[in-house]
Amino acid sequence: MDDNKSAALICTCGKQLQLKYDFLETQVSKMNLVASATVHDFVCQEEGLAKIAETLKANDGHLVIAACSSQKIQPRIDQYLKSHDIDSTQIQYVNIREHSAWVHKDIDEATKKSADMIRGTLARSAKAVKRSVEQKEVSPHVTVIGGGIAGIESALSLSNLGYKVVLLEIKDELGGHVQSLPVVAPTGKSGKEILSGRLEAIKNDKDITIMTKVRVKFVSGEQGNFSIHYLSDDDEEKTLNTSAIVLATGFKEFKPTSMEEYRYGKNPDVITQFELSCMLSEGKLARPSDGAPIKEVVMVQCVGSRSEDYKKDCSKLCCTFAIDNSLEILERIPDATVRIVYMDIRVPFENEMIYKESREKGVDYIRGRVSMTWEHEGKTYVRIYDSLLDKYLDIPVDLLVLSSAILPSDGTLELSETLGYAVEDDGHVKELYGKLRRNETRRRGVVAVGGITRPQFVFEAITDAQAGALVIHNELQGGTIHTVARGAVLNVDDCVGCSLCAQQCPRGVPLMIEQTEAEESDEEQKILFKAAIDTLNCHACGVCQSLCPSGATQLNFLSNDQLWSEIDAVLEGAGPENPITLCFYCEECSVSTIDIVGTRRMEYPASTRLIPVPCAGRVSIIDILKAFEHGASTVMIAACEKDRCHIGGTGNEIAQVQVDVARDILNAIGWKGERVDMFRMFSAEPERFTKAVNEMVKRAKDLGPTPVHDGTAGKWREMSE
Amino acid sequence: MSASNPVLIIGAGVAGMTAAVELADSGIKAVLVERQETVGGNALDLYKAFPTDDCFYCFEGNRWRPGIRKCFYRSALIDQPNISLKMNSEVNTISGTPGQFTVTLSVGPQYIDPKKCTMCGLCLEKSKAFHLISPQCQPQAVVYNPSINDDGAKQAEEECPTKAISLNAQPTEEIIKVSDIIIATGYHEMKPVNMDEYSYGKHPNIITQLELAKIIDPNGESNGVPLKPSDGKPVKRVMMVQCVGSRDENYYPYCSKICCVFALKHANILMQERDGVQVSVVYMDIRTYDRYERYYHTARESGVEFIRGRVSLIQPREDGSLDIVVYDSLLNKYLKFSVDLFVLSSALEPPEGTNKLIESLGLKSASGFVGIADPKTENEVIVGDHIYACGTALGPAEVPESVTQARAAVSKILQSRK
């Protein structure tokens with residue numbers, strides 16, 4: 001592709017930035033890829049926006065804006081241009097304020113760095129292509145797996161939002177665990193009462209199809225076009241087409257048969273808390289072994305929870321359940337004795353008041369553990385260690401109730417591969433990002449709500465379901481998806497069928513499609529599967545691009561050519577006399593951190609050049625080596641925190657691999673591997689960036705000129721030229 | 001249906017901001033009213049938030065702003081189409097009928113036009129009347145303190161390159177019509193000045209958890225090094241006490257839910273990321289629900305000392321340190337400690353004005369917070385007819401819960417408009 005020349009608008013921030021603008025203007029004017037260079041005082045204000053519009057028109061959309069953080073001004077500029085019907089998709093930004101003028105005292109150095117980064121951005125801009133709005137129609141149809149409270153609420157919410165919904169339930173009726181709860185704190189209503197209105201609504205809803213006794217086998221396709229393969233009531237395998245999936249498969253209660261101290265499964269009078277709920281709901285409160293009345297009840301908290309051997313975490317609901325049920329027992333058998341053996345009573349917010357009520361009504365709380373259970377002459381006994389009294393108590397019981405851990409429902413792991421969601425250490429479905437994206441899963445188009453994500457109270461599962469419906473609505477937009485196609489574009493002719501993109505995409509977007517029609521003369525050469533990427537489903541991180549061996553998949557806003565020419569241009573003049581540290585930074589946490597460093601005027605050496613990438617995972621080994629080839633002394637990648645990668649957890653892990661391999665290559669050719677490194681940061685701790693960049697500048701100094709600087713790596717240079 | 005009418009969101013903390021952005025993204029106009037000068041609410045001061053241990057908040061990319069996640073400071077709330085942000089403002093009265101509310105707003109003086117302010121820094125050099133609340137503040141603009149009306153301020157007003165400053169700005173009143181109301185008024189951390197047993201407010205080294213968050217914030221005055229408020233010397237020994245004002249019939253009978261995790265997060269930061277600090281926690285029950293158990297594990301592993309019991313006596317010494325006597329209920333003994341900083345995990349209480357809001361809109365109260373309209377439905381975000389609530393307005397909530405509730409409220413509004 002021919003290089004386009006771009007106009008450059010260089011902002012002075014109301015003449016407040018300490019840069020040599022005359023020199024900068026002259027320098028930029030002389031650059032190969034510039035059409036014009038203009039210094040302007042306020043690109044973010046009305047007059048500046050008008051100037052941008054005018055310049056864009058004159059330069060066929062090719063414009064470089066050198067100003068403050070694009071993170072701040074781009075929304076305003078985009079909005080202005082959109083309202084004037086001017087395309088803004090080719091504009092490239094370079095931050096000469098937070099990333100240069102505000103962090104370097106030496107005005108000459110800062111000006112030089114700014115000029116270099118403008119040159120780099122002009123190179124990126126030269127190969128920028130216009131991105132257009134695309135539209136795609138998908139069926140406004142969503143499938144909800146699981147007919148408990150979360151699934152029911154999801155179905156109702158989605159139907160209300162205008163979608164056709166199929167609700168799949170593995171059992172023969174809807175309602176899940178909630179049906180069997182005699183009382184739900186803090187409102188004190190029974191599970192059946194909470195469900196009844198919803199069950200009524202769902203049956204009368206024409207847009208909801210309920211299918212019971214259905215087991216999901218596997219799922220193929222992608223958001224907008226999933227096929228769910230399931231076993232129906234009569235064991236027949238059937239297929240269902242749908243655009244998105246809500247996973248609401250709930251939880252299961254741990255059955256503590258392996259815990260010797262409780263004799264669960266051996267002694268019928270030892271039951272779990274949920275089994276007690278069922279007894280209370282059915283009105284059959286009697287000793288299971290012989291139907292005798294109940295007088296003495298001991299409940300044990302944290303059975304399997306908060307335990308290294310079973311479930312590490314707290315199950316959150318069990319304290320409230322135990323208190324609810326003990327109050328219910330006392331209501332029915334006023335002279336019963338209920339003892340609750342606990343480690344910490346954990347009852348959030350107003351549930352505390354129910355805890356207090358239970359104490360007032362005589363429930364006895366013993367801080368300690370049950371150490372053994374045994375039967376003697378037809379009676380069951382437990383031995384309790386009371387840690388406050390430092391004593392053992394032996395107590396006869398009619399009912400020993402185990403508040404057993406809450407685990408993800410069966411099949412969660414089995415479905416994870418086909419549905420493409422990740423699974424937490426505790427077996428629940430892993431959220432995309434703990435703070436903001438609790439309902440989204442790794443796989444686009446698959447949302448998880450309710451107990452399958454974590455133990456949840458009834459009201460929380462309902463809220464989750466309502467929020468999950470919004471997340472799906474945001475994705476499907478009622479069936480007409482209308483958006484700028486910004487993301488990876490795959491050139492099928494170049495695809496070699498390696499499937500790296502499909503394996504490593506953090507959101508599971510690329511699909512491997514069987515090439516049934518591709519007839520190759522030589523059977524050996526035939527590629528059986530090739531990737532397909534729907535750009536509208538893409539999250540635009542660039543992981544697929546950094547891994548693709550053939551350059552088949554590339555981001556439409558940052559192609560390999562664009563990044564490589566930017567590396568080349570930004571490093572002009574880098575060498576033994578001018579050791580430069582090149583920093584690739586992700587436009588997620590890293591750009592924020594580096595911007596905040598600027599806002600706080602934290603200084604660092606000006607021998608640094610910065611290049612933005614959407615995610616650290618976009619940076620490939622080749623990109624790193626290109627930087628050295630063009631004279632960088634050290635290269636760093638600034639990325640989000642470990643396991644907090646914004647795109648779903650794996651982008652910065654891929655980057656780490658690329659850095660590790662690049663180091664190995666450097667070591668193998670006799671360089672020092674530590675010339676490249678990766679650093680993790682977030683904006684609440686800005687010094688993470690300054691520490692990192694100082695370290696890499698120090699390494700550049702300590703390690704001295706690279707062999708490229710000396711010209712001794714000639715062979716390598718030839719090969720990549 | 002008054003579908004063209006905007007939605008009023010009261011409070012621009014985590015919940016309110018999320019609701020505003022989600023509504024705006026779905027093409028519904030939102031009027032976001034915030035009492036303070038920066039959005040972010042209490043979360044802005046959190047430094048690190050659980051469960052992710054990174055910044056307190058960020059925005060998801062959306063239809064209007066493609067991308068993945070946008071840091072708080074670049075949320076561009078003032079530039080989002082469909083969002084009208086009213087800073088320094090309060091809701092005065094609400095009248096009308098559900099679906100057609102008439103709201104009068106008191107809009108405080110807009111000394112700084114955030115759209116014009118470029119944060120160039122000129123005014124900051126001219127006068128102390130201007131300051132930047134936080135590098136992450138939103139809107140990204142300086143704020144002005146009218147009580148310091150010096151010559152520098154006037155000079156700054158004249159010289160501001162974008163003419164963003166207007167020192168004579170006056171408060172105004174606005175009347176708007178809205179179809180729905182989302183209450184996202186958040187919480188207030190109780191200042192335990194009336195609890196004599198803790199001497200809060202009487203000694204500089206007795207502080208609350210939110211105050212501690214500011215002290216250990218790397219963006220704060222001491223760059224995150226914990227220093228004693230009394231003399232600026234390094235803090236070596238910290239004692240935290242849980243359930244201050246919570247689970248207490250004299251103050252708030254409920255559990256404030258997040259203080260245990262909040263305290264342990266701070267304990268872990270102090271023990272693991274700050275030099276030579278020893279932390280003790282006095283508690284009744286440690287309530288680290290669900291996966292937050294991890295914080296408890298980490299705290300135990302990193303050597304935080306846990307004492308089950310209550311504080312019975314605090315005695316300040318001349319060197320600024322505090323002698324604390326604690327009753328340990330496991331050992332049935334009184335123990336004496338000497339500490340530099342005494343941190344109260346103070347209750348979360350409804351913010352000022354909640355009562356008035358509940359009364360004027362005829363809502364239910366849940367221990368002073370906004371209650372569910374129809375408890376039987378367990379629809380926690382629906383608190384009235386065309387009235388929703390999310391975040392800590394509903395009672396103590398974590399950041400992710402607030403976000404989910406905000407989405408649920410928006411989901412319900414969209415459902416009602418279909």
Peer 1: Would you call B:Arg287 and A:Glu352 a salt bridge, taking side-chain N to carboxylate O under 4.0 Å as the test?
Peer 2: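 Judged by the 4.0 Å cut-off on N to carboxylate O distance, B:Arg287 and A:Glu352 do form a salt bridge.
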Peer 1: Would B:Asn379 and A:Gln466 count as having a side-chain donor-acceptor pair, cut-off 3.5 Å?
Peer 2: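 Yes, a side-chain donor-acceptor pair sits under 3.5 Å.
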Peer 1: How about A:Arg600 and B:Asn223: does a side-chain donor come under 3.5 Å of a side-chain acceptor?
Peer 2: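 A:Arg600 vs B:Asn223: donor-acceptor pair found between side chains.
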Peer 1: Does any non-hydrogen side-chain atom of A:Gln79 lie less than 4.5 Å from one of B:Gln80?
Peer 2: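 They are not in side-chain contact.
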Peer 1: Sub-3.5 Å donor-acceptor pair from the side chain of A:Gln45 to the main-chain atoms of B:Lys116, do we have one?
Peer 2: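 Yes.
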Peer 1: Measuring heavy-atom distances to chain A, does B:Leu348 have an atom under 4.5 Å in its side chain, in its backbone, in both, or in neither?
Peer 2: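 B:Leu348 has no heavy atom closer than 4.5 Å to chain A.
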Peer 1: Is it the backbone or the side chain of A:Phe349 that comes under 4.5 Å from a heavy atom of chain B, or both, or neither?
Peer 2: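 Both parts, backbone and side chain.
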Peer 1: Below 4.5 Å from any heavy atom of chain B, which atoms of A:Cys13 appear? Answer side chain, backbone, both or neither.
Peer 2: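 For A:Cys13, backbone and side chain are both near chain B.
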Peer 1: Under 4.5 Å heavy-atom distance to chain A, tell me which part of B:Asn332 shows up: side chain, backbone, both or neither.
Peer 2: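 Answer is neither: B:Asn332 stays 4.5 Å or more from chain A.
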Peer 1: Please classify the contact of A:Glu350 with chain B as side chain, backbone, both or neither, using a heavy-atom distance under 4.5 Å.
Peer 2: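 Both the backbone and the side chain of A:Glu350 come within 4.5 Å of chain B.
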Peer 1: Check whether the side chains of A:Thr463 and B:Glu380 place a donor and an acceptor atom closer than 3.5 Å, and report yes or no.
Peer 2: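 A pair is found: one side chain offers a donor N or O, the other an acceptor, under 3.5 Å apart.
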Peer 1: Report the distance from atom CD of B:Gln415 to atom CG of A:Leu161, rounding to the nearest 0.5 Å.
Peer 2: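 Separation between the atoms: 4.5 Å.
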Peer 1: To the nearest 0.5 Å, what is the distance between CZ (B:Arg308) and OG (A:Ser387)?
Peer 2: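 With rounding to 0.5 Å, CZ (B:Arg308) is 7.0 Å from OG (A:Ser387).
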Peer 1: Is chain B contacted by the side chain of A:Gln456, its backbone, both, or neither, given a heavy-atom distance below 4.5 Å?
Peer 2: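 Neither part.
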Peer 1: Go through the steps to decide whether B:Val403 and A:Arg438 satisfy the test side-chain contact (heavy atoms from CB on, under 4.5 Å), and finish with yes or no.
Peer 2: CA-CA 9 Å; B:Val403 170; A:Arg438 277 214 157 162; over 6 Å; no
Peer 1: Begin with the C-alpha distance, continue with both residues' side-chain angles, and end with the deciding distance and a verdict on side-chain contact (heavy atoms from CB on, under 4.5 Å) for A:Arg367 and B:Leu330.
Peer 2: CA-CA 10 Å; A:Arg367 190 177 190 275; B:Leu330 289 174; 3.3 Å; yes
Peer 1: Among A:Gly468, A:Pro686, A:Ser196, which has the most heavy-atom pairs under 4.5 Å with chain B?
Peer 2: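 Of A:Gly468, A:Pro686, A:Ser196, A:Pro686 has the most heavy-atom pairs under 4.5 Å with chain B.
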Peer 1: With a 4.5 angstrom heavy-atom cut-off, could you sort out which part of B:Thr404 is near chain A: side chain, backbone, both or neither?
Peer 2: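 Both parts, backbone and side chain.
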Peer 1: Is the shortest side-chain heavy-atom distance between B:Asp53 and A:Glu641 below 4.5 Å?
Peer 2: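 Result no, sub-4.5 Å side-chain heavy-atom pair not found.
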Peer 1: Would you call B:Glu249-A:Lys356 a salt bridge at under 4.0 Å N-O?
Peer 2: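 Salt bridge present between B:Glu249 and A:Lys356.
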Peer 1: Please identify each residue that fulfils salt bridge (Lys or Arg N to Asp or Glu O under 4.0 Å) with B:Lys418, with sequence neighbours left out.
Peer 2: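 B:Lys418: no salt bridge (Lys or Arg N to Asp or Glu O under 4.0 Å) contacts found.
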Peer 1: Residues in side-chain hydrogen bond (donor to acceptor under 3.5 Å, both in side chains) with A:Glu460, at least two apart?
Peer 2: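 side-chain hydrogen bond (donor to acceptor under 3.5 Å, both in side chains) list for A:Glu460, sorted by chain: A:Lys316.
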Peer 1: Checking heavy atoms, do the side chain of B:Leu132, its backbone, both or neither come under 4.5 Å from chain A?
Peer 2: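 The answer is the side chain of B:Leu132.
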Peer 1: Grab the two heavy atoms, one from B:Thr118 and one from A:Cys44, that are nearest each other, plus how far apart they are.
Peer 2: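 Closest approach of B:Thr118 to A:Cys44, heavy atoms only: CG2-SG, 3.7 Å.
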Peer 1: What part of A:Ile194 lies closer than 4.5 angstrom to a heavy atom of chain B: side chain, backbone, both or neither?
Peer 2: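 Contact with chain B is through both the backbone and side chain of A:Ile194.
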Peer 1: Check each atom of A:Asp426 against the heavy atoms of chain B and say whether the ones under 4.5 Å are side chain, backbone, both or neither.
Peer 2: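 Contact with chain B: side chain only.
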Peer 1: Is chain B contacted by the side chain of A:Asp41, its backbone, both, or neither, given a heavy-atom distance below 4.5 Å?
Peer 2: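 Looking at A:Asp41, nothing touches chain B.
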Peer 1: Name the region of B:Lys376, side chain, backbone, both or neither, that has any atom closer than 4.5 Å to a heavy atom of chain A.
Peer 2: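 Both backbone and side chain.
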Peer 1: Under a 4.5 Å heavy-atom cut-off, does chain B meet the side chain of A:Glu153, its backbone, both or neither?
Peer 2: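 When you check distances to chain B, only side chain atoms of A:Glu153 fall under 4.5 Å.
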Peer 1: State whether a side-chain donor-acceptor pair under 3.5 Å links B:Asp79 with A:Tyr80.
Peer 2: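 Looking only at side-chain atoms, A:Tyr80 and B:Asp79 do not form any donor-acceptor pair under 3.5 Å.
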Peer 1: Can you tell me which portion of B:Pro253 sits under 4.5 Å from chain A's heavy atoms? Options are side chain, backbone, both or neither.
Peer 2: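 Its backbone and side chain both get close to chain A.
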Peer 1: Nearest 0.5 Å please: distance from the CD atom of A:Gln477 over to the CG atom of B:Asp25.
Peer 2: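 Those atoms lie 8.0 Å apart.
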Peer 1: Let me know if B:Asp217 has heavy atoms under 4.5 Å from chain A in its side chain, its backbone, both or neither.
Peer 2: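 For B:Asp217, the contact with chain A is made by the side chain alone.
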Peer 1: What part of B:Glu273 lies closer than 4.5 angstrom to a heavy atom of chain A: side chain, backbone, both or neither?
Peer 2: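 Side chain of B:Glu273 only, per the 4.5 Å heavy-atom cut-off to chain A.
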Peer 1: Determine the option with the most heavy-atom pairs under 4.5 angstrom with chain A, choosing from B:Thr162, B:Val399, B:Thr18.
Peer 2: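 Answer, by heavy-atom pair count under 4.5 Å with chain A: B:Thr162.
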Peer 1: Need one label for A:Tyr355: side chain, backbone, both or neither, based on atoms under 4.5 Å from any heavy atom in chain B.
Peer 2: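 When you check distances to chain B, only side chain atoms of A:Tyr355 fall under 4.5 Å.
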Peer 1: By a 4.5 Å heavy-atom criterion (distance strictly below it), what part of B:Ile413 contacts chain A: side chain, backbone, both, or neither?
Peer 2: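 No part of B:Ile413 comes within 4.5 Å of chain A.
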Peer 1: Given heavy-atom pairs under 4.5 angstrom as the criterion, report whether the side chain, backbone, both or neither of A:Val471 touches chain B.
Peer 2: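 Only the side chain of A:Val471 comes within 4.5 Å of chain B.
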Peer 1: Distance alone, cut at 3.5 Å: any donor-acceptor contact between the side chains of A:Arg346 and B:Thr288?
Peer 2: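 Yes, B:Thr288 and A:Arg346 have a side-chain donor paired with an acceptor closer than 3.5 Å.
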Peer 1: Heavy-atom distance under 4.5 Å between the side chains of A:Glu685 and B:Lys48, does that happen here?
Peer 2: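 Yes, at least one pair of side-chain atoms sits under 4.5 Å.
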Peer 1: Heavy-atom distance under 4.5 Å to chain B: side chain of A:Glu193, backbone, both or neither?
Peer 2: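 The answer is both parts of A:Glu193.
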Peer 1: Can you tell which part of A:Glu424 gets under 4.5 Å to a heavy atom of chain B, answering side chain, backbone, both or neither?
Peer 2: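 Only the side chain of A:Glu424 comes within 4.5 Å of chain B.
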Peer 1: Need one label for B:Tyr252: side chain, backbone, both or neither, based on atoms under 4.5 Å from any heavy atom in chain A.
Peer 2: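 Contact with chain A: none, neither part.
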Peer 1: Count the heavy atoms of every other residue, nucleotide or ligand shown that sit under 6.0 Å from NZ of B:Lys364, and state whether that count exceeds 12.
Peer 2: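 More than 12 heavy atoms, drawn from other residues, nucleotides or ligands, come within 6.0 Å of this atom.
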Peer 1: Is A:Arg306 reaching over with its side chain to a backbone N or O of B:Glu293, donor-acceptor style, under 3.5 angstrom?
Peer 2: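 No, because the side chain of A:Arg306 does not come within donor-acceptor range (under 3.5 Å) of the backbone of B:Glu293.
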Peer 1: Got a donor-acceptor contact below 3.5 angstrom from the A:Arg76 side chain to the B:Lys115 backbone?
Peer 2: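 Confirmed, A:Arg76 side chain pairs with B:Lys115 backbone.
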